[in-house]
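Some notes on the structure that comes next.
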Amino acid sequence: MAQIIDGKAVSAAVKEEVALENARLKDEHGLKVGLAVVIVGNDPASRVYVNNKKKACETVGFQSFEYALDENTTQEQLLDLVNVLNRDERVNGILVQLPLPSHIDEKAIINAISPEKDVDAFHPVNVGKIMIGEYSFLPCTPAGVMRLIQSTGVDITGKQCVVVGRSNIVGKPQAMLLLQKNGTVTICHSKTKNLKELCLTADILVVAIGRAKFITGDMIKEGAVVIDVGMDRDENGKLCGDVDFESAKEKASYITPVPGGVGPMTIAMLMKNTLTAAKKQAGIE
Ligand code: GUN
């Protein structure tokens with residue numbers, strides 16, 4: 001029976017670290033950290049995420065600036081706002097909540113954010129830096145996953161790591177981070193033919209494919225660390241992950257629940273990135 005990884009507890013520990021360092025930098029350097037959060041339209045899930053991000057800013061002692069724009073905002077108007085925020089010295093990090101309404105080109109918006117303020121690490125400059133291991137910001141969800149793996153005490157070096165999913169936000173950067181920690185990494189996706197066979201090789205299995213309960217216990221090696229990035233609904237409309245928790249927990253040594261696993265980590269890592277951005281902009285190492 002697996003030990004359950006408590007994402008809420010690990011997330012609280014990360015936020016506590018950020019809060020302590022923020023307080024110290026305020027005392028020693030007069031540093032004042034600010035995050036701008038931009039939301040366009042009325043997507044209820046995005047609204048919840050944005051509120052949680054603002055709440056986390058309060059918890060760690062950052063200022064947050066919310067820009068809630070109408071659904072009909074044009075791409076030019078949003079670009080203008082990003083440019084204003086790029087120049088605003090109170091703003092150390094800029095987060096434009098995705099998805100954006102379909103008439104706005106997300107890539108154009110991401111590319112317009114100053115890489116120094118890109119606390120999501122979505123800008124091509126920051127993505128490229130991750131490839132060469134010279135990054136300031138790690139994308140929040142994969143960074144959160146690394147921290148959860150670290151919390152188990154399991155050493156990644158030399159382990160077979162399988163990432164299920166190849167998105168730009170999770171799968172691809174996740175694979176790079178595991179590789180940097182000396183894992184032997186395989187990336188699987190919806191077209192992979194021998195998925196079960198590959199999953200069964202995994203000492204560390206990270207699943208981010210966006211399909212409810214897609215990975216079942218028979219696809220998991222005895223003693224594997226299983227990290228579930230999914231946020232799905234099951235046949236009864238109940239929140240669940242990409243992993244079938246009930247069967248998987250019988251095989252795994254450690255497993256994350258949904259909710260309460262990876263979810264809370266993402267915002268904690270966003271706070272960490274925002275503090276890193278503020279320090280760099282102030283020339284504090
Ligand atoms: N929408 C869902 N997840 C994210 C995220 O990590 N960052 C942003 N900007 N939007 C999101």
Side-chain angles (χ1 to χ4, degrees), residues 7 11 14-15 34-57 62 64-69 71 73 75 78-79 81-82 85-86 91-102 104-127 130 135-148 165-174 176-177 206-210 227-233 239 241-242 258-259 261-274 276-277:
S11 158
V14 172
K15 281 190 273 188
L35 174 68
V37 183
V38 181
I39 177 170
V40 185
N42 307 309
D43 179 56
S46 289
R47 180 31 70 196
V48 172
Y49 289 135
V50 164
N51 287 346
N52 288 340
K53 286 166 187 176
K54 278 166 50 192
K55 230 183 280 169
C57 282
F62 297 168
S64 68
F65 308 97
E66 181 183 316
Y67 297 83
L69 306 183
E71 180 79 29
T73 300
Q75 181 163 319
L78 184 54
L79 284 171
L81 173 61
V82 168
L85 296 175
N86 281 340
V91 171
N92 304 108
I94 302 171
L95 183 133
V96 179
Q97 186 66 30
L98 304 178
L100 289 168
S102 57
I104 297 178
D105 175 8
E106 283 184 359
K107 260 194 211 157
I109 303 302
I110 289 169
N111 289 354
I113 296 172
S114 160
E116 289 77 29
K117 295 190 177 184
D118 170 38
V119 284
D120 267 322
F122 290 168
H123 190 286
V125 165
N126 288 322
V127 174
I130 291 159
Y135 41 79
S136 323
F137 309 124
L138 292 178
C140 300
T141 300
V145 168
M146 296 306 283
R147 186 72 183 234
L148 291 175
R166 56 172 159 177
S167 71
N168 289 331
I169 293 181
V170 185
K172 284 187 216 170
Q174 190 70 67
M176 290 313 302
L177 300 189
V206 181
V207 189
I209 191 127
I227 309 285
D228 187 351
V229 183
M231 192 63 92
D232 315 300
R233 297 270 167 191
L239 202 58
D242 292 351
V258 177
V262 174
M265 292 305 295
T266 299
I267 291 181
M269 301 323 273
L270 174 69
M271 297 299 112
K272 203 170 152 66
N273 280 348
T274 305
T276 303

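These values consider heavy atoms only, across backbone and side chains, with no hydrogens, waters or symmetry-generated copies. Just so it is clear, the model here is predicted, and its values are computed rather than measured. Every number for a ligand or one of its atoms is a count from 1 in the order of the listing.
- Between the choices I267, D120, L100, I94, the shortest heavy-atom distance to atom 6 (O) of ligand 1 belongs to D120.
- At least one donor-acceptor pair under 3.5 Å links the side chain of D228 to the backbone N or O of G230.
- A heavy-atom separation below 4.0 Å is not found between Y49 and ligand 1.
- Each of V38, L85, L270 was checked for a side chain to side chain contact (heavy atoms under 4.5 Å, CB included) with L95, and the lone residue meeting it is L270.
- Note: an N/O pair closer than 3.5 Å links L98 and ligand 1 by distance alone.
- Checking T276 against S136 by side-chain atom types alone, no donor-acceptor pair falls below 3.5 Å.
- Closest protein heavy atom to atom 3 (N) of ligand 1: Q97 NE2, 4.4 Å.
- No donor-acceptor pair under 3.5 Å is formed between the side chain of K272 and the backbone N or O of V14.
- Between E66 and R47, at least one side-chain N (NZ, or NE/NH1/NH2) sits under 4.0 Å from a carboxylate O, which counts as a salt bridge.
- Every atom of ligand 1 is numbered from 1 in the order shown, and the set under 4.0 Å from a heavy atom of V96 is 8 (C), 9 (N).
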